[in-house]
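Letters A, B, ... are given to chains in the order of the sequence lines, protein chains preceding strands, and every chain is numbered from 1.
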2 protein chains.
Amino acid sequence: MPYVPTGKLTDLPHGHPCETCPVRPITICRGLDAATLAGMRSLGTMQRLRSEQSAFHEGDPAKRVFMVTQGALKLYTLLADGRRQITGFMFPGDFLGVSVDEEYAFTVEALKNTELWWFSREAFDRFVGEHPQIERELYRLAAHELAEAQRQMVLLGRKAAAERLASFFLSLLERTERVSGERETSFDLPMTRIDIADYLGLTKETVSRMLAHLRSRGLIRLQSQSCVEVLDRDALRGMAQGETAEVLG
Amino acid sequence: MPYVPTGKLTDLPHGHPCETCPVRPITICRGLDAATLAGMRSLGTMQRLRSEQSAFHEGDPAKRVFMVTQGALKLYTLLADGRRQITGFMFPGDFLGVSVDEEYAFTVEALKNTELWWFSREAFDRFVGEHPQIERELYRLAAHELAEAQRQMVLLGRKAAAERLASFFLSLLERTERVSGERETSFDLPMTRIDIADYLGLTKETVSRMLAHLRSRGLIRLQSQSCVEVLDRDALRGMAQGETAEVLG
DNA sequence: CGGCGGATTGAGAAAAATCAACTCTCGTGG
DNA sequence: CCACGAGAGTTGATTTTTCTCAATCCGCCG
């Protein structure tokens with residue numbers, strides 16, 4: 001029976017302990033067994049990034065693939081006048097295999113101190129050639145990414161500001177649960193309000209206001225500026241899915 | 001040297017004559033050679049759809065994969081209250097291999113009379129198992145799709161209405177050129193204004209207004225309601241990339 | 001020729017962006 | 001240990017963009 005990603009860690013084919021992120025564009029983050037990952041790592045070079053340092057920039061020749069082992073990163077694209085769209089975040093266990101173009105189509109920048117491993121494209125291609133089962137896995141994972149990308153298109157194209165934030169929070173909560181393997185009621189926000197805004201297609205002010213709105217409705221509580229507690233998960237999900245006709249009330 | 005999709009038909013690895021679409025989410029449309037396609041077709045069943053008929057609906061069990069041979073289709077997702085996001089269009093040569101989930105995450109509906117071939121997932125999996133080189137090709141094509149999806153996120157998250165329309169038109173023009181293999185100055189719009197709006201995250205009225213705006217600026221001309229002639233390609237590209245600070249002038 | 005649906009245009013409303021002021025946090029140094 | 005300051009975050013007022021609602025136009029098919 002073919003492996004079908006469902007977003008639940010327990011459904012992974014090999015039970016690899018690496019966690020998953022709900023929001024990743026060209027990143028591939030799961031489904032490789034420990035031996036495979038060890039093999040990949042033996043080809044790789046470890047690199048530490050301090051907060052705000054970049055692994056690479058949009059337009060750099062795409063010579064490397066990456067795997068995150070610690071920390072968190074954001075992926076973004078800039079328009080000519082500086083407008084920025086964050087297309088995803090990366091967390092430990094996420095893999096970035098941009099075997100698509102000559103140049104990176106986006107910039108990858110650390111949200112905090114981060115450790116990652118990189119491999120040359122050639123070494124990676126050789127490795128994949130020697131491990132054919134990876135091929136299919138990569139395809140399935142890429143297809144899973146595509147489904148995520150579609151969800152993000154729905155969010156950006158059709159959801160109201162409060163719905164976007166609710167969706168984002170739900171994704172982060174579910175990711176936290178996949179990592180811990182337990183039911184969770186709170187999660188961490190390793191990114192700034194501006195980063196959230198640039199991911200959700202909003203401004204930092206709107207993010208702030210919608211945060212206040214979700215709070216005043218009793219859906220969430222801020223344990224700190226970067227820790228969100230979910231008080232009413234069903235209502236949050238309802239809002240994320242656009243069930244709430246009157247978003248502001 | 002690994003095959004790297006660049007969007008140009010001449011760069012395809014096998015020179016398969018099937019065309020490409022600029023806008024496709026989980027669709028995979030190129031890179032398979034004629035013999036492979038013939039093999040796939042021998043497994044498949046031909047199906048004709050009349051305009052507005054669906055190949056399948058969001059939530060249907062995902063038992064089939066598809067290949068388009070004639071016509072055009074739209075892929076969309078609905079929110080609870082009926083808001084719709086079109087995540088892509090499919091054209092002849094496009095392949096839809098949703099080997100991701102138990103259920104389709106979107107609806108596929110014909111824009112006009114359309115001919116497609118479907119295969120059961122099992123038959124397709126078997127076929128791919130017998131043709132391992134397809135595996136890698138599928139991964140590369142999916143990665144290419146992901147890059148497209150990212151571009152669409154930038155469009156939906158950060159571009160103004162006129163810029164979205166300009167980007168869309170440029171994509172369609174470039175696709176038309178890839179199909180014909182020649183420089184083109186006009187292209188067809190097989191979808192309604194509402195479809196365009198739902199693809200660009202706008203309303204039909206805004207699409208209409210921005211169309212008028214591009215026209216009044218001399219960037220395009222409407223040969224008919226569904227045929228756009230590009231008069232100033234550079235200006236259109238400039239607008240698509242967000243170079244125009246004053247979008248309305 | 002008539003009518004229907006798609007497309008356009010206009011006026012007003014709503015959502016979010018922008019601009020501006022202020023507050024809170026947190027790290028640093030006295 | 002506490003005061004300070006810088007940057008992040010919040011809140012408010014206003015503007016802009018896009019949406020919504022409504023009227024009309026147009027093209028196409030019967």
Sugar-phosphate only, base, or nothing, as touched by B:Ser208 at under 4.0 Å among non-hydrogen atoms: base

side-chain contact (heavy atoms from CB on, under 4.5 Å) partner of B:Tyr199, chosen from B:Arg164, B:Lys74, B:Arg84, B:Gln152: B:Gln152

A:Arg83 CZ to D:dT17 P, straight-line distance once rounded to whole Å: 11 Å

Of A:Lys204 and A:Gly201, the one whose closest DNA chain C nucleotide lies more 5': A:Gly201

Sole candidate of A:Arg183, A:Arg178, A:Glu184 that passes side chain to side chain donor-acceptor pair (under 3.5 Å) when paired with A:Ser180: A:Glu184

Distance in angstrom units between A:His213 NE2 and C:dA15 C1', rounded: 13 Å

Distance in angstrom units between B:Leu165 CG and D:dT18 P, rounded: 12 Å

Side chains of A:Gln85 and A:Thr77, donor plus acceptor under 3.5 Å: no

Distance below 4.0 Å between A:Thr206 side-chain N/O and C:dA17 OP1 or OP2: yes

Nearest-Å distance for atom pair CD/P, residues A:Glu52 and D:dA8: 8 Å

Distance test, side-chain N/O of B:Arg193 to OP1/OP2 of C:dT8, below 4.0 Å: yes

Listed nucleotide nearest any side-chain atom of B:Thr203, set D:dT18, C:dT9, D:dT20: D:dT20

Whole-Å gap separating P (C:dG27) and CD (A:Gln225): 12 Å

Distance-only donor-acceptor test (3.5 Å): side chain B:Glu205, base D:dC21: yes

Polar side-chain contact A:Arg209-C:dT18 base: donor and acceptor under 3.5 Å: yes

Derivation of the ring pair (Phe, Tyr, Trp, His ring centres under 6.0 Å) call for A:Phe169 and A:Phe187: CA-CA 8 Å; A:Phe169 284 175; A:Phe187 58 88; 5.4 Å; yes

Integer-rounded Å distance: D:dC25 C1' and B:Leu222 CG: 15 Å

Interatomic distance, B:Lys159 NZ vs C:dA16 P [rounded to whole Å]: 22 Å

Gap between atoms CG and C1', on A:Leu202 and C:dT18 respectively (whole Å): 14 Å

Row check, A:Phe56 ring normal vs A:Arg64 NZ/CZ: under 6.0 Å, within 45°: no

